[in-house]
S.K.: 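Below are the structure tokens for one structure; questions will follow.
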Amino acid sequence: MLSKMRPPSPNRKKEVRLKRGPWTAEEDKLLTAYIQKHGYGSWGSLPHKAGLERCGKSCRLRWINYLRPYIKRGKFSLEEEQTIIQLHAFLGNRWSAIAAHLPKRTDNEIKNHWNTHLKKRLIKMGIDPMTHKPSTSPSPKNGSNLSHMTQWESARLEAEARLVRE
DNA sequence: AAGTTCGACAACCGCGGCTAT
DNA sequence: AATAGCCGCGGTTGTCGAACT
């Protein structure tokens, strides 16, 4: 939908070079202080008001994924991982919907965790991470034990997906 | 010790939905 | 009804530290 994309720098008064890349502690402080005082929203104008040389999009991302006071960071518990796998079986790559069931986790964090850990783990178990069903060409070396595991896991996932649906 | 590869995660980009005009 | 702009989402990339050679 290119027509909807805004031109490079439409109505910016001055060509302020917007900063990109990792956030500094100082920037975090500015953003947090501003949001604590005024709340968030209107991301387009927020950076300027907060004294940040970032685009609104970058500020929004930083706040949502990192600075919000109640988010939980660090290692995922077994329960959380199971929940993610179950929800993914039902919802697919709808990370924000999955994150809604794990209130303290962000969609970005869940997505990263899925891509770096859970997906690989399922593949290792012979489960297709997209369909959550035993993959069609299971690795030949870990035969029957694995297929039993995958059948069990698959049945469990389907049952749990049903539960989530209800 | 130096160089290379790998894994984890933060951040960016492009797109689509929604709303206001 | 058409258009412009904002917001949020999902995919992808970039960066950095750890592990390995």
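Worth knowing before you read on, the calculation uses all heavy atoms, side chains too, and leaves out hydrogens, waters and symmetry mates. Naming convention: chains lettered A, B, ... in sequence-line order (proteins, then strands); numbering from 1 in each chain. Keep in mind that what you see is a predicted model, and the values were worked out from it rather than measured.
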S.K.: Without decimals, in angstroms, what is the distance between Lys19(A) NZ and dA10(B) P?
M.R.: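 After rounding, the gap between these two atoms is 17 Å.
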
S.K.: Once side-chain hydrogen bond (donor to acceptor under 3.5 Å, both in side chains) is applied, do any residues pair with Gln36(A), and if so which ones, sequence neighbours excluded?
M.R.: none

S.K.: Could you tell me whether the side chains of Glu81(A) and His113(A) share a donor-acceptor contact shorter than 3.5 Å?
M.R.: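 The criterion, which ignores hydrogens and geometry beyond distance, is satisfied for His113(A) and Glu81(A).
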
S.K.: Round to the nearest Å and state the distance from Lys111(A) atom NZ to dC13(B) atom C1'.
M.R.: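 Taking atom C1' of dC13(B) as the reference, NZ of Lys111(A) is at 11 Å.
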
S.K.: Cut-off 3.5 Å, side chains only: do His88(A) and Asn93(A) have a donor facing an acceptor?
M.R.: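 Yes.
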
S.K.: Check DNA chain C against residues 56-71 of chain A and give the residues with a non-hydrogen atom under 4.0 Å, in numerical order.
M.R.: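 Hits under 4.0 Å, by residue number: Lys57(A), Arg60(A).
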
S.K.: Check whether Phe76(A) forms a cation-pi arrangement with Arg105(A) (NZ or CZ under 6.0 Å from the six-membered ring centre, at most 45° off the ring normal).
M.R.: yes

S.K.: Is any side-chain N or O of Ser42(A) closer than 4.0 Å to OP1 or OP2 of dC6(C)?
M.R.: no

S.K.: Working to the nearest 0.5 angstrom, can you tell me the gap between Glu26(A) CD and Leu52(A) CG?
M.R.: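 Answer rounded to 0.5 Å: 9.0 Å.
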
S.K.: Can you tell me the distance, in whole Å, between the CH2 atom of Trp95(A) and the P atom of dG10(C)?
M.R.: 9 Å

S.K.: Could you tell me the separation between the CH2 atom of Trp114(A) and the C1' atom of dG11(C), rounded to a whole number of Å?
M.R.: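 Checked: the CH2 to C1' distance equals 15 Å.
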
S.K.: Would you please test Ile35(A) and Leu67(A) for side-chain contact (heavy atoms from CB on, under 4.5 Å) and show each step?
M.R.: CA-CA 10 Å; Ile35(A) 290 176; Leu67(A) 296 174; over 6 Å; no

S.K.: Name all residues meeting the ring pair (Phe, Tyr, Trp, His ring centres under 6.0 Å) criterion together with Tyr34(A); count only those two or more places apart in sequence or in a different chain, and write none if there are none.
M.R.: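 Applying ring pair (Phe, Tyr, Trp, His ring centres under 6.0 Å) to Tyr34(A) gives His38(A).
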
S.K.: Atom CD1 of Ile110(A) to atom P of dG11(C): distance rounded to whole Å?
M.R.: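 Distance check: Ile110(A) CD1 to dG11(C) P gives 14 Å.
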
S.K.: Does Pro22(A) or Asn115(A) map to a spot on DNA chain C nearer the 5' end, using the closest nucleotide for each?
M.R.: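 The residue whose closest nucleotide sits nearer the 5' end is Asn115(A).
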
S.K.: Roughly how far, to the nearest 0.5 Å, is the SG atom of Cys59(A) from the CG atom of Leu30(A)?
M.R.: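 Going from CG on Leu30(A) over to SG on Cys59(A), the span is 10.0 Å.
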
S.K.: Taking only the side-chain nitrogens and oxygens of Arg54(A), find out if one of them lies under 4.0 Å from OP1 or OP2 of dA11(B).
M.R.: no

S.K.: Do any N or O atoms of the protein come closer than 3.5 Å to N or O atoms of nucleotides 6-9 of chain B, and which pairs are they?
M.R.:
residue	atom	partner	partner atom	Å
dA8(B)	OP1	His117(A)	NE2	3.2
dA8(B)	OP2	Thr116(A)	O	3.4

S.K.: So, are Arg62(A) and Glu27(A) salt-bridged, with charged N and O less than 4.0 Å apart?
M.R.: no

S.K.: CG of Asp107(A) versus C1' of dC9(C): gap in Å, rounded?
M.R.: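 Distance check: Asp107(A) CG to dC9(C) C1' gives 7 Å.
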
S.K.: If we fit an axis to the first five pairs and another to the last five of the helix from dA2(B)-dT21(C) to dT21(B)-dA2(C), what angle do they make, to the nearest 10°?
M.R.: 10°

S.K.: Quick one: list whatever passes side-chain hydrogen bond (donor to acceptor under 3.5 Å, both in side chains) with Thr32(A), sequence neighbours left out.
M.R.: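 Listed in chain order: nothing, the list is empty.
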
S.K.: Between atom CG in Asn93(A) and atom C1' in dG8(C), what is the gap in whole Å?
M.R.: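 Taking atom C1' of dG8(C) as the reference, CG of Asn93(A) is at 16 Å.
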
S.K.: For the pair made of NZ in Lys119(A) and P in dG10(C), what is the distance, rounded to whole Å?
M.R.: 15 Å

S.K.: Roughly how far, to the nearest 0.5 Å, is CG of Leu46(A) from CH2 of Trp63(A)?
M.R.: 10.0 Å

